[in-house]
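Below is one structure, written out as C-alpha cells; the observations come after it.
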Amino acid sequence: MRRRPLFGLTRLRLYGLIMVVMLSMTGYVSSTGYLTVDLSAFWQRVGQHGGQAGSEARIAMEEGIEQQDSMTEPEKLAWVNRYFETWVTYQTDDVVWGQTDYWASPAELLGRGQGDCEDYAIAKYLFLLEMGIPPSRLRLIYVKAKIGGRRSTITQAHMVLGYYATANAEPLILDSLIGDVLPARQRTDLSPVFSFNSDGIWSGGAKKSVGSPTARLSRWRNVLQKLSAEGIQLKQS
C-alpha cells in the first residue's frame, strides 16, 4: 500500500534510525500533564499486534512528538489527524476483529493498520493529550451521519473527535472519513447524539456532564484497561 508522505517525510533518515535504536535501549518516556507514553513499550506492543505500522511510522511519530513544543494547537490537530490517516486504512470491525463493535487501542490500531471511526477518534484523542492539549478541549462525539447525499434521510452511527478552542467555541471536527479538519458548521451531514472525554459524558449539546464515561461506557473502560500494557498512562485532570 502506497503511503502518503507525512510533512516531508519521504525516506528513513539516518538520525531517525539512530533515534529508534537509542529509544529502544533507553525506554524513552514522552510525558505531558495529561498523558505519558513509554514509546519503547508502545512500539513493542504494536509489533505484537501485527506490526503493520513499522519503523517508518515509528520515526514519524517520534519526530512529531519531538517537535510538538514548537507547534500551535491547530498544527497539532493537523499533525495527529494526518498521522493516523497516513498509517491506518479505514476498515469495519467485522473484517478486522470479527466483531460488530470493537474499540481498539492505539497499539492495536497501528498493529493491524486498519480500524473504524471509533478507533481513529480514540487514537487521535489520546495522542493529542500526549501533545499537551487538555481533555477539556477535546470530546469524542457520537453522531448520526447522513449518507447518500444532501436530500437523503438515511443515517448511520459514527464517531468523530471534536476540538474546542474555548468552552463556548464552535468545535473543529477530526473525522476518519474526511481528511481535512473542518469547523462543525461545514459538517451539516453530522447530528450529535452524545459526547465524552476522560472527565465526563454529555448528552446532545448539554453544558453539564451527566456522569462518568468509565461507568457508562463499557467499551471505553475496556480501552483504558488496555493502555497500561501499551506504555500509556492517562492522568486525571
Side-chain angles (χ1 to χ4, degrees), residues 3-46 53-88 105-107 109-110 119-140 160-166 169 171-176 179-182 197-199 223-224 227-228 230-237:
R3 303 294 191 184
R4 290 173 291 171
L6 184 66
F7 284 84
L9 182 65
T10 57
R11 64 182 184 276
L12 298 179
R13 291 186 285 272
L14 178 60
Y15 83 89
L17 291 171
I18 294 172
M19 182 189 301
V20 166
V21 174
M22 292 179 64
L23 292 177
S24 299
M25 294 173 61
T26 62
Y28 172 70
V29 175
S30 171
S31 176
T32 68
Y34 313 107
L35 193 78
T36 60
V37 183
D38 182 329
L39 291 171
S40 179
F42 177 77
W43 283 99
Q44 182 179 19
R45 201 68 171 176
V46 170
S55 58
E56 192 174 355
R58 178 173 178 169
I59 291 170
M61 176 180 286
E62 290 161 356
E63 287 179 342
I65 289 173
E66 184 181 6
Q67 297 166 13
Q68 63 181 296
D69 289 343
S70 65
M71 296 183 190
T72 64
E73 287 196 351
E75 288 171 340
K76 292 175 181 179
L77 295 179
W79 190 91
V80 167
N81 192 60
R82 179 71 179 279
Y83 181 88
F84 287 100
E85 296 297 328
T86 298
W87 299 108
V88 180
S105 67
L109 178 64
L110 288 170
D119 307 330
Y120 277 90
I122 289 167
K124 291 174 184 179
Y125 170 73
L126 292 171
F127 276 88
L128 284 169
L129 293 183
E130 192 288 326
M131 298 192 87
I133 295 183
S136 60
R137 298 186 186 179
L138 298 167
R139 288 192 193 179
L140 297 136
V160 298
L161 179 63
Y163 163 80
Y164 301 75
T166 64
L172 297 175
I173 303 299
L174 290 73
D175 189 347
S176 57
D180 296 330
V181 178
L182 297 175
N197 60 19
S198 305
D199 300 328
V223 168
L224 297 181
L227 294 183
S228 61
E230 300 181 358
I232 298 175
Q233 182 65 45
L234 184 63
K235 299 180 181 180
Q236 294 295 321
S237 59

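Remember, predicted model here, so these are calculated numbers, not experimental data. Each residue takes its place number in the sequence, starting with 1.
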Evaluate the side-chain proximity of Arg58 to Val46: yes if any heavy-atom separation is below 4.5 Å, no if none is.
no
Considering only NZ, NE, NH1 and NH2 on the basic side and carboxylate oxygens on the acidic side, decide whether Glu85 and Lys124 come within less than 4.0 Å.
yes
A side-chain contact here means heavy atoms from C-beta on lying under 4.5 Å apart; do Leu128 and Leu174 qualify?
yes
Please step through side-chain contact (heavy atoms from CB on, under 4.5 Å) for the pair Ser198 and Leu129, ending with a clear verdict.
CA-CA 10 Å; Ser198 305; Leu129 293 183; 4.2 Å; yes
Distance-minimising heavy-atom pair for Ala107 and Phe42
N-CE1, 3.6 Å
Beyond-backbone contact of Leu227 with Pro106, side-chain heavy atoms, under 4.5 angstrom:
yes
Looking at Leu138, is its backbone amide N or carbonyl O close enough to the side chain of Asn197 to form a donor-acceptor pair, meaning the two atoms are under 3.5 Å apart?
yes
Tyr125 and Leu161 have their tightest heavy-atom pair at N-CD2, 3.6 Å
Worked check of side-chain contact (heavy atoms from CB on, under 4.5 Å) between Lys76 and Val80:
CA-CA 6 Å; Lys76 292 175 181 179; Val80 167; 5.5 Å; no
Could you label the plane-to-plane angle of the Phe84 and Phe127 rings as parallel, tilted or perpendicular, counting under 30° as parallel and over 60° as perpendicular?
tilted
Of all the heavy-atom pairs spanning Ala57 and Ala53, show the shortest one and how long it is.
CB-CB, 3.8 Å
Apply side-chain contact (heavy atoms from CB on, under 4.5 Å) to Ile133 and Leu77, showing your working.
CA-CA 9 Å; Ile133 295 183; Leu77 295 179; 4.1 Å; yes
What class does the angle between the rings of Trp79 and Tyr83 fall in, given that below 30° is parallel, 30 to 60° is tilted and above 60° is perpendicular?
parallel
Heavy-atom pair with the smallest gap, counting every atom of Met131 and Gly64:
CE-O, 3.6 Å
